[in-house]
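Okay, structure first, notes after.
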Amino acid sequence: MDERQTQMMTVLGILAVGALLAANYIQPGEEEVEGADEVDDLAEVEPADVTRLTLVTDEGTLVAEHSTEGWSMVQPSSGSADDEALDELVFLVDRLSAEAPLEGQALSEYGLDAPKASLTLLLADGSSLKLRVGDETPVGYKSYIQWGDEAAGRMAKGQPGSTMTLPFARYRDRRVLSIVETGVVSIGWDSGEDSWKATRADSGWFLEDGRRARSSVLDGMLQEANRVEYEGFFDITDMEAGLLPPRGVLSFDGVGLAIGGDHAGGTIIRNPEGLTGTVGRVDALLVNPEDLVEDRLLAVPLAGLDRVSAAPAGKPEQVWEQTGEGWTVGGEPDPLAGQTPFSLVSAALCDRAVMPEELGEVWLTLGASSLTDEVTIEIGAEVEGGRAGRDSAGGPLFLVPEATLTQLQGALGL
């Protein structure tokens, strides 16, 4: 046999040995499959079946109650809960599968005499599901558990203890506040001389002195209040939290958020439920009173703007309207495609900090409407710096400055 044939026979021999090993060791034989450990699904449960959940770990005892409205915390503190996080504990039990009980062994052999965590689900029918988690198995991705009232332990798939021993803060609702933005009719800030309050009416937001407020700022505060979440929770005194007294109390329809000092890289806030923790940002919730005063003459949202009118004294009224085919002026297609009404609403400014004593004879009446708001403004006699203005919704007179008057004259051909 020459050298080439010898090499070929050697290779074939190696391949044959490899195939034999694969058949014997890689693929289990029929006998091994038949002897495999049987695994039982221990429960079928979903959150809607549960009325109360109790979780015990080294951290203490957590109790939560469930209703059609979701989960609420009872212990260690009362308040709203994170529905998804508590649902996950229920689904953990629903997915749980384990081998047959390990008879003849002490629970201490598996860490079940002092379990890492115990979870009890009280069901609507009055029955309960109980799970205790001990040590993880030395080999394989499994854990020792004790199920229900069974005296013996079992081996369960996975490591449920890693979920059940997470910090209790995970199960709290991290939202600082939950409000229906469109339903709020008053926003207030109580902080000594910087205090203010704004009230929503049919035609927009107004400050206590009657001046029109910036809807964009106040609506933005409502959106931000719903977005702010706790980054951490603290069991500290009001003095330590900077809440004695607080920096201020921000209220929405009388529901107040007490804002305190800086702590652990954030700002302390206590919500209406008494939950104290830190948030990463509060700047959008803290507004200077001066920034609340509306400076637009026609203060309606640009989004949804559908009509603007101008009626100079003694002259025909000009009307711009948005139709399905575009903007019209005087009933005819607008050659400027709505540039004039958008300019009047976005750029015509006034000064509501200056309050003339009288309106005088009306020089020009302006109107604007959008999907939600409608504003009518009367511009009267000349005063120092411009002309007097009046909002039909009420409030004190204000100044329409010279720059705005020049803009109106150019846009309207006055």
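Atoms considered below: every heavy atom in the structure, side chains included; atoms not considered: hydrogens, waters and symmetry mates.
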*Walk me through it: do L292 and L207 pass the test side chain to side chain contact (heavy atoms under 4.5 Å, CB included)?*
CA-CA 8 Å; L292 284 168; L207 299 174; 4.2 Å; yes
*Trace of the salt bridge (charged side-chain N to carboxylate O under 4.0 Å, His left out) decision for E402 with R387*: CA-CA 8 Å; E402 292 287 356; R387 287 180 177 270; over 6 Å; no
Taking only residues two or more places apart in sequence, or in another chain, which ones meet [X] in a ring-ring contact (aromatic ring centres under 6.0 Å, His included)?
X: W327; answer: F342
X: Y144; answer: Y110
X: W205; answer: none
X: Y230; answer: F233

Any salt bridge between [X] and [Y], counting N to O under 4.0 Å?
X: R95; Y: D41; answer: no
X: K142; Y: E99; answer: yes
X: R390; Y: E378; answer: yes

Roughly how far, to the nearest 0.5 Å, is the [atom2] atom of [Y] from the [atom1] atom of [X]?
X: M221; Y: S216; atom1: CE; atom2: OG; value: 12.0 Å
X: M155; Y: L102; atom1: CE; atom2: CG; value: 6.0 Å
X: N271; Y: T276; atom1: CG; atom2: OG1; value: 7.5 Å
X: D262; Y: R247; atom1: CG; atom2: CZ; value: 6.0 Å
X: S97; Y: L42; atom1: OG; atom2: CG; value: 7.0 Å

Determine whether a donor-acceptor pair (N or O, by modelled atom type, separation under 3.5 Å) exists between the side chain of [X] and the backbone of [Y].
X: S191; Y: D194; answer: no
X: S392; Y: T376; answer: yes
X: R352; Y: R296; answer: yes
X: E103; Y: A152; answer: no

Which pair of non-hydrogen atoms, one from [X] and one from [Y], has the smallest distance, and what is that distance?
X: D253; Y: V184; value: OD2-CA, 3.3 Å
X: P76; Y: M73; value: CD-CE, 4.2 Å
X: D209; Y: P396; value: O-CD, 3.3 Å
X: C350; Y: P401; value: CA-CD, 3.8 Å

Taking atom types as modelled, is there a side-chain donor on [X] or [Y] under 3.5 Å from an acceptor on the other?
X: T120; Y: R52; answer: no
X: S80; Y: E273; answer: yes
X: D87; Y: W71; answer: yes
X: D334; Y: T328; answer: no

Just so I know, are the side chains of [X] and [Y] near enough to count as touching, which here means a heavy-atom distance under 4.5 Å?
X: L412; Y: L364; result: yes
X: L92; Y: L131; result: yes
X: L55; Y: T61; result: no
X: E44; Y: D94; result: yes
X: L89; Y: L53; result: yes
X: L285; Y: W189; result: no
X: T404; Y: L297; result: yes
X: E374; Y: S203; result: no

*Show the numbers, then the answer: is there a side chain to side chain contact (heavy atoms under 4.5 Å, CB included) between I259 and V249?*
CA-CA 6 Å; I259 299 179; V249 176; over 6 Å; no
Does [X], at its [atom1] atom, have more than 12 non-hydrogen atoms belonging to other residues, nucleotides or ligands within less than 6.0 Å?
X: E84; atom1: CD; value: no
X: E357; atom1: CD; value: no
X: D125; atom1: CG; value: yes
X: D291; atom1: CG; value: yes

*Under the criterion side chain to side chain contact (heavy atoms under 4.5 Å, CB included), which of L119, V93, T57 is the partner of M164?*
L119
*Go through the steps for D219 and R214 under the test salt bridge (charged side-chain N to carboxylate O under 4.0 Å, His left out), then give the verdict.*
CA-CA 9 Å; D219 290 340; R214 283 182 176 165; over 6 Å; no
_Before you tell me yes or no, could you show the steps for Q223 and E181 under side chain to side chain contact (heavy atoms under 4.5 Å, CB included), namely the whole-Å CA-CA distance, both residues' side-chain angles and the distance that decides it to 0.1 Å?_
CA-CA 7 Å; Q223 295 171 8; E181 297 170 20; 3.3 Å; yes
*By salt bridge (Lys or Arg N to Asp or Glu O under 4.0 Å) - contacts of E150 (at least two apart)*: R154
*What's the verdict on salt bridge (charged side-chain N to carboxylate O under 4.0 Å, His left out) for R170 and E88, showing C-alpha distance, side-chain angles and the deciding distance?*
CA-CA 11 Å; R170 166 184 172 83; E88 181 57 29; over 6 Å; no
Residues 298-308, side-chain donor-acceptor partners within the protein, below 3.5 Å, at least two apart:
unit_1	atom_1	unit_2	atom_2	d
D306	OD1	S369	OG	2.7

